[in-house]
2 protein chains.
Amino acid sequence: MVLDCLSDPTRLAIVYNLAKYDSASTELRCGDFNAFSGKSNLAYHFAKLREAGLVQTRIAGTTRYMRLRRADLDARFPGLLDVILASAARDADRLQFPECEVVAAS
Amino acid sequence: MVLDCLSDPTRLAIVYNLAKYDSASTELRCGDFNAFSGKSNLAYHFAKLREAGLVQTRIAGTTRYMRLRRADLDARFPGLLDVILASAARDADRLQFPECEVVAAS
DNA sequence: TCGATAGTTCAATAAACCTTGAACATCGGG
DNA sequence: CCCGATGTTCAAGGTTTATTGAACTATCGA
């Protein structure tokens, strides 16, 4: 299920960016990914990521902050996320990952 | 593409068994997987595994021996295969992987 | 209260996927 | 030269998937 999730380019790009900013301890809003695709398509992918246990959502008012469930994943599938993210980082240019336009929290 | 391949339970089971017998340096025939599914369905999955570069086929007479392309994979996606196989081995019982009925080479 | 914003949900469509069975090609043994 | 065995290829089906736009809910600020 996790592999299926990460085999989709849009979702891999989301996870890739979540990981990048997670290490910078900056929370990302759903809207930060608006460049990736249409909003409803993103909601679809977010739901899949949540179902697969890859991502966690914190609701604050009208915006939702997403966070990678790194600890849970490392416990369940040790090393998997690191290996996949490392490979993704290595050919990030070939994959043409979109970048998030992060907006500072209010 | 590799992730997509491994996200299918049938193909993951094939790769899992290939890895198991590969370390025992025993080649597996396509027919060794006949318990997994119908022959034509297996041919379909074998083709996908070949396309994704996960597997290599050696033709000897009328039978085909399959081998994991471990070196190539480790070069392209370092650690990925090991991590996935380790996770697969850890809950092999939950996944209910079929076992190969290996027939000694003639 | 009104309007704008953030996301989700729903319905619909096109593409990809898995599975099946029948037909086919190929090799080895009698 | 057939026969049986090994796999592949093809056509058909049913299911899942990704994507889109429109409708909807909920929150915040003026």
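Throughout, protein chains are lettered first and strands after them, A, B, ... in sequence-line order, and every chain is numbered starting at 1. The model shown is predicted, which means the values in this text are computed figures rather than measured ones.
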What is the distance, rounded to the nearest whole Å, between atom CD of Glu51(A) and atom P of dT9(C)?
10 Å

Taken in chain and number order and not counting sequence neighbours, the residues that satisfy ring pair (Phe, Tyr, Trp, His ring centres under 6.0 Å) with Phe77(B) are none

Heavy-atom nearest pair, Leu85(B) first then Arg70(B), reads CD1-NH2, 3.6 Å

Tell me whether the OP1 or OP2 atom of dA18(D) has a side-chain N or O from Arg11(A) closer than 4.0 Å.
yes

Atom-pair distance (CE on Met66(A); P on dG7(C)), nearest Å
10 Å

The criterion is side-chain hydrogen bond (donor to acceptor under 3.5 Å, both in side chains); which residues satisfy it with Arg50(B), sequence neighbours excluded?
Thr57(B)

Contacts of Tyr21(A) meeting ring pair (Phe, Tyr, Trp, His ring centres under 6.0 Å) (sequence neighbours excluded), chain-then-number -> none

Among residues 40-50 of chain A, which contact DNA chain C at a heavy-atom distance under 4.0 Å?
Ser40(A), Ala43(A), Phe46(A), Arg50(A)

Determine whether Asp22(B) and Arg67(B) satisfy the following criterion, side chain to side chain contact (heavy atoms under 4.5 Å, CB included), listing intermediate values before the conclusion.
CA-CA 7 Å; Asp22(B) 190 50; Arg67(B) 192 167 271 188; 3.8 Å; yes

Check side-chain contact (heavy atoms from CB on, under 4.5 Å) between Cys30(A) and all other residues, then give those that pass, not counting sequence neighbours.
Phe46(A), Arg64(A), Met66(A)

If a protein heavy atom is under 4.0 Å from the base, mark B; if only from the sugar-phosphate, S; if neither, -; do that for nucleotides 24-30 of chain D going 5' to 3'.
---SS--

Please confirm whether the shortest side-chain N or O distance from Ser37(A) to OP1 or OP2 of dT20(D) is below 4.0 Å.
yes

